[in-house]
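All values below come from the heavy atoms of this structure, side chains included, with hydrogens, waters and symmetry mates left out. For the single chain, residues carry numbers from 1 onward in sequence order.
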Amino acid sequence: MQANIKGSPVILETSEDDSSYSYACRVSSNTGIPAVIGWARHERFWGRDHEEVKKRIGDVSLIYSTGSEEEAIELIEKYNVTYVYIGTLERQVYDVNTKKFENKAYFEPVYEGSATIYKLKKKP
């Protein structure tokens, strides 16, 4: 991703409330690409409001699990997400509902392999 993505687009990936030096947030922490929420303990340590951390973790979960395309896109826009990463960890942590990401009017798969990465094509 680091070699193929220009700028600092936001990526959606797994984050958990007790994450710190864990596999959660692995894409962001290994590439420097910003995520909706990083390691929760780090976020709190560096001064992010505890309620904001919880809200973001809940919103990430909701984006992955909701069957509502509208709800997912609303939250994706709220956090200015450009890429949605769905790998093994996302499937283990969330009840991932991928149908909404298959709407080619809004999303395009830009990588399919050990993970699938969708890019938001346009805002509704």
[X] (side chain) donor-acceptor with [Y] (main chain) under 3.5 angstrom:
| X | Y | result |
| --- | --- | --- |
| Lys100 | Tyr64 | yes |
| Ser28 | Ile33 | yes |
| Glu108 | Lys121 | no |
| Thr66 | Leu62 | no |

Practice task
Start with the C-alpha distance between Glu52 and Arg56, add both sets of side-chain angles, then the distance that settles salt bridge (Lys or Arg N to Asp or Glu O under 4.0 Å), and finish with yes or no.
Solution key: CA-CA 6 Å; Glu52 176 68 16; Arg56 286 177 178 251; 2.6 Å; yes

Problem - Carboxylate-amine/guanidinium proximity below 4.0 Å for Glu51 and Lys55 - result: no

Problem - pair Phe101-Thr116: side-chain heavy atoms closer than 4.5 Å - result: no

Handout entry: Note, Val60 side chain near Tyr94 side chain (heavy atom, < 4.5 Å)
Key = yes

Between [atom1] on residue [X] and [atom2] on residue [Y], distance to nearest 0.5 Å:
| X | Y | atom1 | atom2 | result |
| --- | --- | --- | --- | --- |
| Ser15 | Glu90 | OG | CD | 10.5 Å |
| Ile63 | Asn97 | CD1 | CG | 13.0 Å |
| Thr31 | Ile5 | OG1 | CD1 | 7.5 Å |
| Phe107 | Leu120 | CZ | CG | 5.5 Å |
| Ile117 | Leu12 | CD1 | CG | 11.5 Å |
| Asp59 | Leu75 | CG | CG | 4.5 Å |

Taking every non-hydrogen atom, the tightest pair across [X] and [Y]:
| X | Y | result |
| --- | --- | --- |
| Pro9 | Tyr83 | CG-CE1, 3.7 Å |
| Glu13 | Val27 | OE1-N, 2.9 Å |
| Ser8 | Pro34 | O-CG, 3.6 Å |

Exercise for the section: Report, as yes or no, whether the 6.0 Å neighbourhood of atom CD on Glu69 holds more than 12 heavy atoms from other residues, nucleotides or ligands. Expected result: yes

